[in-house]
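Here is the structure we will look at.
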Amino acid sequence: MRASQFFISTLKEAPGEAELVSHRLMLRAGLIRRLGSGLYTWMPLGLRVLRKVEGVVRDEMNRAGALELLMPAVQPAELWQESGRWEQFGEQMLKISDRHKREFCFGPTHEEVICDVARRELRSYRQLPVNYYQIQTKFRDEIRPRFGVMRAREFLMKDAYSFHEDFASLQITYDRMYAAYSAIFSRLGLVFRAVAADTGAIGGSGSHEFHVLADSGEDAIAFCPDSPYIANVELAEAVAPATARPAPAAALTQVPTPGKTTCADVAAFLQIDLRTTVKTLLGMDGEGRAVMLLLRGDHELNDVKAGKRIAGWRMATEAELIDLLGAVKGYMGPVGIDRSRIRVVADRAVAALGDFVVGANQAPLHLTGVNFGRDLPEPDAVEDLRNVVAGDPSPDGAGALELCRGIEVGHIFQLRTKYSEALQVTFLDRTGKSTVAEMGCYGIGVSRVVAAAIEQNHDERGIIFPRALAPFEVAIIPMGLSRSETVREAAEGLYAQLQAAGIDVLIDDRDERPGVLLADQELIGVPYRFVIGERGLKEGVIEFQGRRDVEAVKVPVGEALATVQAALAGN
RNA sequence: CGGGGCGUAGCGCAGCCCGGUAGCGCGCCUGCUUUGGGAGCAGGAUGUCGGAGGUUCGAAUCCUCUCGCCCCGACCA
C-alpha cells in the first residue's frame, strides 16, 4: 500500500474524551472515530487491524471444525419471548419496531436465533455434534459505555454455538474450543490466561473466561503462583480459616466512637487490628426477608457470591434500614437484634473470630470483645461471601493467592439445555426418542481484542502491534523521496520486492518531512521499518528497525528481504 | 440510573467569577526557503460560543429549561 493512496489521519493530541491508553492511541492513530456514545467508525487503517483479528479467529474456528454462518442482526421479539429473555434481558436490549409496529431487537447475542435454526434443521443424532459460528455486529445498550471500543455499545463479536446429543459430546467440543481460543490468542501475540469464571446472566454450568492481562483491565483475577489455580475474583473461593475460633478472652464492652462510622475509622480510633472488626451489611432476599451479612473489616462483599447464597439478594433501602434497626447507619451490628426478623449470615472469616468489634446499633457506640455464643447467638449460616485478597490460601491448598487484572476477550460456556429446552431444540436419539440437545456457546469480542492488544503493547510513542494484527507488517520510509532519484529507486525496488514476497508493506511516499513519517509509523504501530536515505545508499545499506528496538541495524540493500522475512518468522 | 464534571475553529485549550460583540497552540490553504525526528518566514481561511427561552441598551459570560459527551459505581465480549 502506498501511504499517498491510503488514508492516514493521525492526531498530535488526543481528544479529551479518551482516558484509557488504548482509546487515546486508537483515536490518535486514526484507527477509529467516534460517532456517538459507544458508537465508533472503523477507519480504513483500523479496519485492517480488525480484519486481521477476524482472520485469525476464522481460521482457528474453521480448523476446530466450526461452521461459519451469518444470522440477522435484527431479531423478532417472539423468539425472545419464547426464551423468556424479552423482559429478562432488560434495558441492555435495544428494542425497535418496524412499520407494522411489530417488535424487534438489535441482537445483543444470538442464542435464540441459533436455536431457531437448530430446531428447524436438526432432526437426528446423526447430524450432531455441530458447531455454528458467526462474526457479527452486536448491540448492547450498556449502562455506561466507556474506554472507546473496549466497552462500546455496538461491537464486533465472534459467537459460536454447538449442539450435542449428550453431555460427553459437549465436553469434547468445549475442550476443543478451549484449545482453539488458546491458539487464537497465542497467534495474536497476546499475554492471556484462561480463567475459571462465573456463568453470569447467560447461565449454564462450566465456563472459562479468556483474559488479556493488563493493569487497566476491568476484571480482577486471583491466581496461585505455585499451582495452576486461576479464577475470576467473582468466583474465587475464600477458604475457611484453618485456625479454630479462639475462646472469649475479653469482656463485652460498649465504647463511644463518635464520628467513626467505618471499620477502618474505628480500628484506627481504638488502635486495634482492622481484622478484629466486623462490618455489618443489611439487605433483603428475594422474598423480602431481611438478611444481615457479617464480613471482617478488611474484607469486601462479593456480590456474585451473595447472590448465589442468598436468592434475590440486594442491599436494604434507607427506609428498610430505619424500619429494621433504627437510624444507626455506621453503627449497625448483630448484637441484640430481633433474630426472628433478621437472618444473620456470617462470612467464614467472621465465624472464626473471637473478641471482635461491631456497631452497637446505637448512634455513637461500638461494642468490643464480642463473641458468638456468649454475646449473641451463632450465625444462622456461615458462607463464603467475600472477595479473596492477595495472600489468601489458594483453594487447591497449593499456596497463597495473588491478584492481577485482565480484560475479558473471550468466554466459553457449557449452556447445557437452558435454551434448547425453552426453544425446543430436539432431535431423535439412537433409540428413536426425542431428546433435547445439549448446548455450548463461545464468544470472542473481536473489536475489544484490538483495544486489549494495544493496552498490552504500546509505549510513549504509540502502538506496538503484534505482527498478526498490525495493519501493515513493514513500513518503508524514504528520506527525501521527491528530491532523490537514488532513494526513489531503492524504495520502489524494495517495495516491489516485499510485495512480491507477500509481505504486507506500506511505503510512505507522502510529501512530508522525515520526522512526520517516522512519528506516524511509530504511532500507528507498524512492527518493522526500513529507512532509506542517500546517506546509507552511498554505502549500499538501508536501515532496518523493529518497533521495540532501540537502534536500527544497517542492512545491505540486497539482504533487505531476507532480513524482514527472518524477523517476521521469529514473531 | 445515582454521584461528579465538561460543551468556545478540525484537535487541545484560554476567555465566563467581575456582561461591551471571541482568542492562543497545533492542524488546514498559498508562496518562498528548508529537508534523517512532528520545520522557518510571509500571507490566508475557519466559529449558529451545544440548543431554546429569559434578564439587559448590550450575553460566550448572569438566570431557567433542554440536549450531548466524559469520569466514578451496578453490567459484559
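Chain identifiers are assigned alphabetically (A, B, ...) following the order of the sequence lines, protein sequences preceding nucleic acid strands; residue numbering begins at 1 within each chain.
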From CG of A:L301 over to P of B:rG73, roughly how many Å is that when rounded to an integer? 16 Å

Rounded off to whole Å, could you give me the CZ-to-P distance for the A:R314 and B:rG73 pair? 23 Å

RNA chain B: A:T10 or A:A152, which has the more 5' nearest nucleotide? A:T10

Any donor-acceptor pair under 3.5 Å linking the side chain of A:D384 with the backbone of A:A238? yes

Please report, rounded to the nearest Å, how far the C1' atom of B:rC75 is from the CZ atom of A:R151. 6 Å

At less than 4.0 Å, is any side-chain N or O atom of A:S37 found next to OP1 or OP2 of B:rC70? Yes or no. yes

To the nearest Å, give me how far apart CG (A:D141) and C1' (B:rC1) are. 12 Å

I want to check one thing: is the phosphate of B:rC70, taken as OP1 and OP2, less than 4.0 Å away from some side-chain N or O of A:R24? no

Just by modelled atom types, is the A:Q136 backbone N or O under 3.5 Å from a matching donor or acceptor in the A:K158 side chain? no

Base B:rC76 to side chain A:R140, donor-acceptor N/O within 3.5 Å cut-off: no

Need the pair for B:rG73. Rule: Watson-Crick or G-U wobble, both distances under 3.5 Å, any strand; none if unpaired. B:rC1

Round to the nearest Å and state the distance from A:F147 atom CZ to B:rC71 atom P. 6 Å

B:rC75 C1' sits how many Å from A:K138 NZ, rounded? 17 Å

Can you tell me if A:E68 uses its side chain to pair, donor with acceptor, with the backbone of A:Q134 under 3.5 Å? no

Give A:E543 one of three labels, base, sugar-phosphate or nothing, depending on what nucleic acid heavy atoms sit under 4.0 Å from its own. base

Of the options B:rG37, B:rC75, B:rU35, whose atoms approach the side-chain atoms of A:E218 most closely? B:rC75

Using a heavy-atom cut-off of under 4.0 Å over every strand shown, decide if A:G480 touches base, sugar-phosphate, or nothing. nothing

In the structure shown, which nucleotide is the Watson-Crick or G-U wobble counterpart of B:rU30, with both distances under 3.5 Å? B:rA42

Reckon A:D520 touches a base, only the sugar-phosphate, or nothing at all at heavy-atom distances under 4.0 Å? base

Check A:R85 with A:E112, please: is the shortest side-chain N to carboxylate O separation under 4.0 Å? yes

Take the protein atom CD of A:Q136 and the nucleotide atom C1' of B:rA77, then report the distance between them rounded to whole Å. 14 Å

What about A:R529: does its side chain form a donor-acceptor pair under 3.5 Å with the base of B:rG37? yes

So A:A14, base contact, sugar-phosphate only, or nothing? Heavy-atom distance under 4.0 Å. sugar-phosphate

Under 4.0 angstrom, heavy atoms only, what part of the nucleic acid is A:D219 near: base, sugar-phosphate, or nothing? base

Which value, in whole Å, describes the distance between the C1' atoms of nucleotides B:rG20 and B:rG44? 29 Å

Within the structure shown, what part of the strands sits under 4.0 Å from A:E522 by heavy-atom distance: base, sugar-phosphate, or nothing? base

Which value, in whole Å, describes the distance between the C1' atoms of nucleotides B:rG23 and B:rU55? 27 Å

Sticking with atom P, work out how far B:rU61 lies from B:rG27, rounded to a whole angstrom. 31 Å

In Å, rounded to the nearest 0.5 Å, how long is the span from CD1 of A:I221 to CD of A:E408? 9.0 Å

Value for CD (A:E111) from OG1 (A:T109), rounded to nearest 0.5 Å, stands at 3.5 Å

Using the side-chain heavy atoms of A:E142, tell me which of these nucleotides is nearest: B:rG38, B:rA39, B:rC75. B:rC75

Pairing of A:R187 and A:E60 as salt bridge, 4.0 angstrom limit: yes

Roughly how far apart, to the nearest Å, are B:rC16 and B:rC62 at atom C1'? 10 Å

Heteroatom pairs (N/O) under 3.5 angstrom, protein to nucleotides 23-33 of chain B:
| residue | atom | partner | partner atom | Å |
| --- | --- | --- | --- | --- |
| B:rG25 | N2 | A:E13 | OE1 | 3.1 |

Please give me the minimum heavy-atom distance between A:R547 and A:G462, naming the atom from each residue. NH2-N, 3.3 Å

The residue, A:L518 or A:E19, whose nearest nucleotide of RNA chain B is more 5′ is A:L518

Between A:R513 and B:rU35, is there a contact of a side-chain N or O with OP1 or OP2 at under 4.0 Å? no

Under 3.5 Å on both distances, the Watson-Crick or G-U partner of B:rC6: B:rG68

Quick one: does any side-chain atom of A:Q456 pair with a main-chain N or O of A:V191 as donor and acceptor, under 3.5 Å? yes

Considering only atom P, compute the distance from B:rA14 to B:rA39 and round it to an integer number of Å. 25 Å

What nucleic acid atoms does A:V516 come within less than 4.0 Å of, heavy atoms only: base, sugar-phosphate, or nothing? base

So if I apply the side chain to side chain contact (heavy atoms under 4.5 Å, CB included) rule between A:N387 and each of A:N302, A:L295, A:V304, which one comes out positive? A:N302

Under-4.0 Å side-chain N/O to phosphate OP1/OP2 contact, A:R144 with B:rC71: yes

When rounded to the nearest 0.5 angstrom, what distance separates CZ in A:R386 from NZ in A:K279? 11.5 Å

Cation-pi between A:K305 and A:W313: NZ/CZ under 6.0 Å from ring centre and within 45° of the ring axis? no

Heavy atoms from other residues, nucleotides or ligands near CD of A:Q81 exceed 12 (cutoff 6.0 Å): yes

Please give, in whole Å, the distance from B:rC70 C1' to A:H23 NE2? 10 Å

Can you tell me, in whole Å, how much space there is between the C1' of B:rA9 and that of B:rA60? 14 Å

Around A:R28, counting heavy atoms of other residues, nucleotides and ligands shown, do more than 12 lie under 6.0 Å from its CZ? yes

Should B:rG47 form a Watson-Crick or G-U wobble pair with both distances under 3.5 Å, which nucleotide is its partner? none

Applying the 3.5 Å cut-off to both distances, the Watson-Crick or G-U partner of B:rG20 turns out to be B:rC57

Which parts of residues 544-559 of chain A get close to RNA chain B, meaning a heavy atom less than 4.0 angstrom away? none

Is A:I143 touching bases, backbone alone, or none of the nucleic acid, heavy atoms closer than 4.0 Å? base

C1' spacing across the pair B:rA59 / B:rU8, given as an integer number of angstrom: 14 Å

Quick one: are A:I444 and A:Y181 in side-chain contact, heavy atoms under 4.5 Å? yes

How is A:R461 classified with respect to the nucleic acid when contacts are heavy atoms under 4.0 Å: base, sugar-phosphate, or nothing? base

For B:rG50 versus B:rC70, give the span between their C1' atoms, rounded off to a whole number of Å. 15 Å

Which of these passes ring-ring contact (aromatic ring centres under 6.0 Å, His included) with A:F472: A:Y495, A:F6, A:Y528? A:F6

Going by number, which of residues 443-457 of chain A have a non-hydrogen atom under 4.0 Å from RNA chain B? A:G445, A:R448

